[in-house]
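Since this is a predicted model, take the numbers as computed values, not measurements.
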Amino acid sequence: MSESFTDEQYAFLRHARFGELPPSVRPDERSASTETDPPRYQPDPTPGQYEQDLRAGG
């Protein structure tokens with residue numbers, strides 16, 4: 001039978017792995033964010049790129 005860690009042991013392991021966490025953001029400091037721009041990791045497709053990708057198997 002395996003033993004489970006206590007909350008204090010888990011807290012120590014988290015601190016050992018991640019270090020000190022930054023202070024939490026208070027609700028009055030929070031702001032809603034929405035993504036309005038297209039993702040930066042995807043370039044704009046060139047004309048016919050979709051068909052080329054289909055033929056190439058991508």
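- Applying the ring-ring contact (aromatic ring centres under 6.0 Å, His included) test to pairs two or more places apart or on separate chains, those with a residue in residues 2-25 are Phe5-Tyr10.
- Surrounding CZ of Arg30 are more than 12 heavy atoms belonging to other residues, nucleotides or ligands, all under 6.0 Å away.
- Listed by chain and residue number, Asp28, Glu29 satisfy the side chain to side chain contact (heavy atoms under 4.5 Å, CB included) test with Arg26 (two or more places apart in sequence, or in another chain).
- Remark: Thr6 engages Glu8, Gln9 in a side chain to side chain contact (heavy atoms under 4.5 Å, CB included) (not counting sequence neighbours).
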